[in-house]
2 protein chains.
Amino acid sequence: MFKINEDYLKLPGSYLFSTIGKKVAAFQAEHPNTSIIRLGIGDVTRPLAPSIIDALHGAVDEMAHAETFHGYAPDLGYDFLRNAMALNDYVAKGCDINADEIFISDGAKCDSGNIQEIFAKDNRIAVCDPVYPVYVDTNVMAGRTGTYDARTETWSSVIYMPCTKETNFAPELPKEVPDIIYLCFPNNPTGATITKPQLQEWVDYANKNGAVIIYDAAYEAYISEKDVPHTIYECEGARTCAIELRSFSKNAGFTGVRLGAAVVPKDLKCGDVMLHSLWARRHGTKYNGAPYIVQRAGEAVYSDAGRAQLKEQVAYYMKNAGIIYEGLKSAGYSVSGGVNAPYIWLETPKGMTSWEFFDYLLERAGVVGTPGSGFGPSGEGYFRLTAFGSYENTVAAIKRIQEI
Amino acid sequence: MFKINEDYLKLPGSYLFSTIGKKVAAFQAEHPNTSIIRLGIGDVTRPLAPSIIDALHGAVDEMAHAETFHGYAPDLGYDFLRNAMALNDYVAKGCDINADEIFISDGAKCDSGNIQEIFAKDNRIAVCDPVYPVYVDTNVMAGRTGTYDARTETWSSVIYMPCTKETNFAPELPKEVPDIIYLCFPNNPTGATITKPQLQEWVDYANKNGAVIIYDAAYEAYISEKDVPHTIYECEGARTCAIELRSFSKNAGFTGVRLGAAVVPKDLKCGDVMLHSLWARRHGTKYNGAPYIVQRAGEAVYSDAGRAQLKEQVAYYMKNAGIIYEGLKSAGYSVSGGVNAPYIWLETPKGMTSWEFFDYLLERAGVVGTPGSGFGPSGEGYFRLTAFGSYENTVAAIKRIQEI
């Protein structure tokens, strides 16, 4: 008789966005004339940039003729895209990353979920709290997190690194030494960042302790300040301790196009074994490449026209971020994020819980955000708004909040 | 200090296609004037059909405007595609499968690699021999296969079901009862099929013994004979024991477009737990949906125009299959497959090993095929040719083989 992977059953239900959906639907039913503004979800809303659209059409046309048709892609990605990424994301920034260390994928969510597979089951992970849920959940499914304590909402084998106002929303080096450290800067959900010297401390810590850093750089395009690193490979020694995950979702609006990449330097080893080889083996065995037309769209992200158009797109969202940040601040809220990230993280006022503030904002302003407690226990008392709405909606939402 | 997943290291090197590549390159260097014809790889060569191209262009245009832009897809796929599949692939064939039991993915390779994850580590798998390597390799990486015997090229915990001339290239019910049974019909690499009553025996066996069948239906579109089932759900009782994997790669030429689906009926349970819930959880946690434009292309596969065009495309390849089959037969070879599948499986002549015949065919005819031994020990003494080349090349290749 077959048996299931019991570790899957340990996962608590994922109720965050379904609960939000239900509450919003109930409110809308009671208030059919209120136009609800959603600043809750991390999905983009701007259309794809013209140069991306052109690249897609061009690649589709290639698929229409035998001479230019493309079947199976190379397992690890087309050279044209790997070269463009190596050149623009690394070499141009003075980082020593080669094209053959870049693995093209269908997105950073998949990579951040799958990467744990190449590590031993008894490795201990460390995560920020609050955190993007995929890092923890995929380790739960692999049986790596011990037992769940429903009261504290924590796993016995996971090392949590609180990121609150008290830590300036940055994690501190953990006292217990983890084997795998998940870091995401600029951060989802808090919008916080750390400086290059601060990141260097993490790299040094990882190298000293034989830990691997999984560095999620999905929001890199939103960095506006000078001392914030765009990639972990700006730090000395990162080649021996860090895997970096890249996304096209937020810098180019590819949430529905699906493209990402993982960088695994060949110097990152366990004994004689390169993690590069293991990840290549996983790609070759369980994955069949990102679509040709999507990889061509990714290439267009790095063209002159593409870069100019996407700079405008990011600026559009960051203008929204500024409106939210300044608007809330002037209304007396304690706000962070929003400067190097499309996420604004605010303290709930008057001692409200995250969910109480959710209800308050929905009922009083018709605005939907995300309760911070949905991202982990240290998110309690906080709330996330995103800059991915339209300009008009963002302005209207903030006006409503100010008028509560 | 972090440690790696040691199970990855157990995998023997994957040398089949790289060895073929090296041998072909060496031959070409020595014989620069010989035009080599490749009938080895399972990749398609015909361009995408016009209705697919139209759907892709149309969806790309939608992505260019805020009003019709699509961000994150629903985790399990867009309803328009799930409904089209349910209707055309199942309901129209009298099978009881609902749209919400169909999980859209980026291909059958990924699904066939990932599906093992929802099962317990100590489950035993049974595979045909020869076999598509992904089934076994992904179980090796999960630590489910025991130890490897390099002499017999088998894993201690895997139940092998030889498919040779003696068994009419079909597996027999295993004596040891497995927990998970991988079946693929029409088969890669042998091109063999089984009848509906034969498949019913497997379904009955699985239900009786509490086993799950992972049924790979990637080559369903190539079925030409009446008594061959197009889906396992034609068999009574399959809803309680079978997961079916569907591909768009071979019926619609999507090898470089990437689209597939897994069907997990809600009646398939371990105790109270639906495998449907586990697979949904995996999709929701580790996957972010197939691209919108690709799902629209998938929908076009089921349009009237799409169906007509793809019928022609399959007929094109099956004409090649007929040419290979008849041509080899008339040249005295013992041949199978090629009637309900794009693969032709031949016995190597004169007692040659698979690799000896590879060299023989390359040197004497300049034709590249795939040694059967690359698919498992029972593939030794066999050889695979594929119908996915151009008509002209296929005719030329067979003429050359006949003239050896």
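In what follows, every heavy atom counts, from backbone to side chain, and hydrogens, waters and symmetry copies are set aside. Residue numbering restarts at 1 for every chain, and letters A, B, ... go by the order of the sequence lines.
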Exercise for review: May I ask you to name which of B/E6, B/R282, B/K286, B/K109 has the most heavy-atom pairs under 4.5 Å with chain A?
Suggested key: B/K109
Exercise for review: Name the option with the most non-hydrogen atom pairs under 4.5 Å to chain A; the candidates are B/G113, B/A64, B/A49.
Suggested key: B/A64
Review point. Where do A/V301 and A/F254 come nearest, in terms of heavy atoms and distance?
Key: CG2-CZ, 4.0 Å
Point to revise | Proximal component of A/N123, with respect to chain B [non-hydrogen, under 4.5 Å] | key: side chain
Review point. Taking all non-hydrogen atoms of both residues, which atom of A/S105 and which atom of A/A261 are closest, and how far apart?
Key: OG-N, 3.7 Å
Review point. Any idea which of B/I118, B/I293, B/T45 has the most non-hydrogen atom pairs under 4.5 angstrom with chain A?
Key: B/I118
**Study point:** Engaged part of A/T285 at the chain B interface, taking heavy atoms whose separation is under 4.5 Å
**Key:** both
Review point. For B/H70, is it the side chain, the backbone, both or neither that has a heavy atom under 4.5 Å from a heavy atom of chain A?
Key: backbone
Check your understanding: What pair of heavy atoms forms the shortest contact from B/S247 to B/S249, and how long is it?
Key -> OG-N, 2.9 Å
Review point. So which part of B/R124 gets closer than 4.5 Å to some heavy atom of chain A, the side chain, the backbone, both or neither?
Key: neither
Review point. What residue, out of A/L9, A/L11, A/D122, A/L275, has the most heavy-atom pairs lying under 4.5 Å from chain B?
Key: A/L11
Review point. Highest number of heavy-atom pairs under 4.5 Å with chain B: which of A/G253, A/P50, A/A66?
Key: A/A66
**Study point:** Distance-only polar pair, side chains of B/N207 and B/T240, donor-acceptor under 3.5 Å
**Key:** yes
Practice item. Determine the minimum heavy-atom distance between B/D111 and B/G260, stating which atoms define it. Key: OD2-C, 4.4 Å
Review point. Side chain, backbone, both or neither: which part of B/F2 has a non-hydrogen atom closer than 4.5 Å to chain A?
Key: both
Exercise for review: Side chain from CB out, backbone as N, CA, C, O: work out which of these in B/V273 comes under 4.5 Å of a heavy atom of chain A, or both, or neither.
Suggested key: side chain
Point to revise | When A/E117, A/H65, A/E62, A/K121 are compared by non-hydrogen pairs under 4.5 Å with chain B, the top option | key: A/E117
Study note, to complete from the structure: Exactly one of B/N139, B/V131, B/I213 clears side chain to side chain contact (heavy atoms under 4.5 Å, CB included) with B/Y182, and that residue is B/N139
Exercise for review: Any chance you could lay out the side-chain contact (heavy atoms from CB on, under 4.5 Å) test for B/Q313 and B/L310, step after step, and finish with the verdict?
Suggested key: CA-CA 5 Å; B/Q313 201 169 85; B/L310 294 174; 3.7 Å; yes
Check your understanding: With a 4.5 angstrom heavy-atom cut-off, which part of A/V212 approaches chain B: side chain, backbone, both or neither?
Key -> both
Review point. Checking heavy atoms, do the side chain of A/M141, its backbone, both or neither come under 4.5 Å from chain B?
Key: side chain
Practice item. Evaluate the side-chain contact (heavy atoms from CB on, under 4.5 Å) criterion for residues B/Y78 and B/I104: first the C-alpha distance (whole Å), next the side-chain angles of each, then the deciding distance (0.1 Å), finally the verdict. Key: CA-CA 8 Å; B/Y78 279 103; B/I104 305 302; over 6 Å; no
Review point. For A/Y135 and A/D216, does a side-chain donor sit closer than 3.5 Å to a side-chain acceptor?
Key: yes
Check your understanding: Measuring heavy-atom distances to chain A, does B/K208 have an atom under 4.5 Å in its side chain, in its backbone, in both, or in neither?
Key -> neither
Check your understanding: To the nearest 0.5 Å, what is the distance between CD (A/Q116) and OG (A/S112)?
Key -> 10.0 Å
Check your understanding: Pick from B/L48, B/N288, B/L56: which one has the most heavy-atom pairs with chain A under 4.5 Å?
Key -> B/N288
Point to revise | Toward chain A, the part of B/D43 with a non-hydrogen atom under 4.5 Å | key: both
**Study point:** B/Y8 six-ring centre to A/R281 NZ/CZ under 6.0 Å and within 45° of normal
**Key:** no
Practice item. Under 4.5 Å, counting heavy-atom pairs only, tell me which of A/M1, A/R46, A/H57 racks up the most with chain B. Key: A/H57
Study note, to complete from the structure: Ranked by heavy-atom pairs below 4.5 Å to chain B, first place among A/D61, A/I41, A/T68 goes to A/D61
Point to revise | Cation over ring face, A/R296 and A/F80, 6.0 Å, 45° | key: yes
Point to revise | chain B contacts, top residue of A/L259, A/I4, A/L278, A/D179 (heavy-atom pairs, under 4.5 Å) | key: A/I4
